[in-house]
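Below is one structure, written out as structure tokens; comments come after it.
Values in this document were obtained by computation on a predicted structure and should not be read as measured data. Note on naming: letters A, B, ... go to the chains in the order of the sequence lines (proteins, then strands), and numbering restarts at 1 for each one. Values reported hereafter were calculated over all heavy atoms of this structure, with side chains retained and with hydrogens, waters and symmetry mates removed.
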Protein chains: 2
Amino acid sequence: MKVIVAEDQGMLRGALSALLDLEDDIEVVGQAENGKQALALIQELVPDLCVMDIEMPEMSGLDVAEKLKEQRHSCRVVILTTFSRSGYFQRAMKAGVRGFLLKDSPIDELGAALRTVHAGGRAVSPELAMTFWETENPLTEREQEVLKLAAAGLTAGDIAKQLFLSAGTVRNYLSEAIQKLEAKNRIDAIGIAEKNGWLS
Amino acid sequence: MKVIVAEDQGMLRGALSALLDLEDDIEVVGQAENGKQALALIQELVPDLCVMDIEMPEMSGLDVAEKLKEQRHSCRVVILTTFSRSGYFQRAMKAGVRGFLLKDSPIDELGAALRTVHAGGRAVSPELAMTFWETENPLTEREQEVLKLAAAGLTAGDIAKQLFLSAGTVRNYLSEAIQKLEAKNRIDAIGIAEKNGWLS
DNA sequence: CCTTTCACATGACATATGTCATATGAAAAG
DNA sequence: CTTTTCATATGACATATGTCATGTGAAAGG
């Protein structure tokens with residue numbers, strides 16, 4: 001089967017590609033270091049499978065997966081990521097992703113997952129099963145938006161200007177976020193939200 | 001040469017070990033997923049080299065390198081890390097580390113680096129050279145300490161209690177940190193300090 | 001020995017932040 | 001057609017945060 005490896009960290013990308021290519025039934029036909037490159041390569045080379053990281057520059061692995069689904073492209077996607085966040089997982093499933101592995105898994109699982117997916121099956125890291133039970137994002141869009149800007153170091157006033165709101169409104173959203181997350185202050189709230197992957 | 005691979009991320013650890021083991025002149029005699037394990041394995045197996053991540057649970061790769069230097073252990077260390085921070089690099093040099101590679105480097109560099117170091121040389125990613133010029137940490141110990149606690153989401157009052165200071169003193173340290181880092185507020189300061197690796 | 005420097009420490013004051021009561025409009029439930 | 005619910009939006013108020021003037025003691029340089 002023809003495979004493309006998309007992963008921004010050079011060492012891991014190279015190592016995985018080399019290792020997969022050693023397998024008799026796997027041929028690594030291309031490597032990409034960001035989402036855009038991956039999409040272009042997939043359209044050009046039409047591989048059977050693509051091993052894809054989520055957090056990459058230019059375009060995330062999930063963006064690529066969604067584009068492929070939109071185009072009804074035959075290439076099947078196996079996500080390989082550090083984070084077991086319910087948001088990622090659910091979005092991946094919606095995008096028709098066939099495999100979802102954690103970078104913490106042993107290396108053997110990757111080859112096995114590729115074969116399973118190529119044969120028409122699905123492959124999901126056992127740790128991910130738990131993810132279903134994870135609490136979902138309690139923040140409204142506005143609250144997320146405001147908290148994200150606060151996380152970037154902006155003051156309430158700055159945020160208000162950027163979103164065309166009054167400063168009081170911004171503080172209120174932050175206050176709501178703080179209460180929903182049972183945080184002590186906005187810094188605490190930012191930490192909690194980031195840990196759960198609730199900021200975008 | 002006998003090599004140990006210490007890296008907490010399972011996939012990368014497995015892939016690197018497998019690939020290195022394929023080389024005729026390299027034998028991977030052990031793998032560790034944290035610093036403590038790495039140290040124990042090195043003392044038990046006495047390898048020629050150890051490929052080591054910095055950010056690992058239990059004990060960082062730099063901690064291990066320092067312990068080895070202290071014991072005048074013959075095992076030479078090659079650091080493999082995501083971050084090109086001057087603090088890391090300088091600490092590594094002090095600990096007598098012989099190689100310092102970024103995880104963004106191509107995979108071939110690792111094998112090459114191992115051979116160079118085994119032959120008595122040094123191997124440093126070219127990106128790291130710049131690191132020398134990086135600005136050093138402008139924060140005093142107290143300021144770092146306070147900023148770190150603030151980053152964890154504590155209020156000034158909490159921090160004061162924990163460090164047996166008055167709340168005003170804590171706010172003053174934070175204010176100094178904010179000014180030194182030319183930040184807008186403590187959140188901004190935390191971001192800047194973290195980006196530069198200035199929070200220990 | 002005296003000055004300079006600098007990390008450390010504090011409180012007074014102005015500003016920013018967090019909370020609460022309140023209001024509107026849109027969508028869902030009755 | 002109501003009623004309920006909920007995201008959105010605001011301002012008044014109390015609290016937390018950021019700044020500044022000031023002071024101490026220890027180390028470095030004259």
- Note on the structure: Comparing B:Glu176 with A:Gly157, nearest DNA chain C nucleotide closer to 5' gives the residue B:Glu176
Report the distance from atom [atom1] of [X] to atom [atom2] of [N], rounded to the nearest whole Å.
{"X": "A:Asn185", "N": "C:dT19", "atom1": "CG", "atom2": "P", "value": "9 Å"}
{"X": "B:Asp188", "N": "D:dT17", "atom1": "CG", "atom2": "P", "value": "16 Å"}
{"X": "A:Arg142", "N": "D:dC6", "atom1": "CZ", "atom2": "C1'", "value": "15 Å"}
{"X": "A:Lys180", "N": "C:dG18", "atom1": "NZ", "atom2": "C1'", "value": "16 Å"}
{"X": "B:Leu165", "N": "D:dG23", "atom1": "CG", "atom2": "P", "value": "20 Å"}
{"X": "B:Lys161", "N": "C:dA9", "atom1": "NZ", "atom2": "P", "value": "18 Å"}
{"X": "A:Ile159", "N": "C:dA16", "atom1": "CD1", "atom2": "C1'", "value": "12 Å"}
{"X": "A:Glu141", "N": "D:dA9", "atom1": "CD", "atom2": "P", "value": "11 Å"}

- Message: On a heavy-atom basis, which atom in A:Val46 and which in A:Ser74 lie closest, and how many Å separate them?
- Response: CG1-OG, 4.0 Å
- Message: Distance criterion of 3.5 Å, no angle test: do you see the side chain of B:Asn172 paired donor-to-acceptor with the base of C:dC8?
- Response: no
What does [X] touch in the nucleic acid at a heavy-atom separation under 4.0 angstrom: a base, only the sugar-phosphate, or nothing?
{"X": "A:Gln179", "value": "sugar-phosphate"}
{"X": "A:Thr140", "value": "sugar-phosphate"}
{"X": "B:Arg171", "value": "base"}
{"X": "A:Ser166", "value": "sugar-phosphate"}

- Note on the structure: DNA chain D nearest-nucleotide lookup for A:Gly168 and A:Tyr173: closer to the 5′ end is A:Tyr173
- Query: So, is B:Thr169 near the phosphate of C:dT10, with a side-chain N or O under 4.0 Å from OP1 or OP2?
  - Reply: yes
- OP1 or OP2 of D:dG18 sitting under 4.0 Å from any side-chain N/O of B:Ser175? no
For atom [atom1] of [X], is the number of surrounding heavy atoms from other residues, nucleotides or ligands below 6.0 Å larger than 12?
{"X": "B:Lys184", "atom1": "NZ", "answer": "yes"}
{"X": "B:Lys180", "atom1": "NZ", "answer": "yes"}
{"X": "B:Lys67", "atom1": "NZ", "answer": "no"}

- Task: Go through the structure and list residues passing ring pair (Phe, Tyr, Trp, His ring centres under 6.0 Å) with A:Tyr173, not counting sequence neighbours.
- Result: none
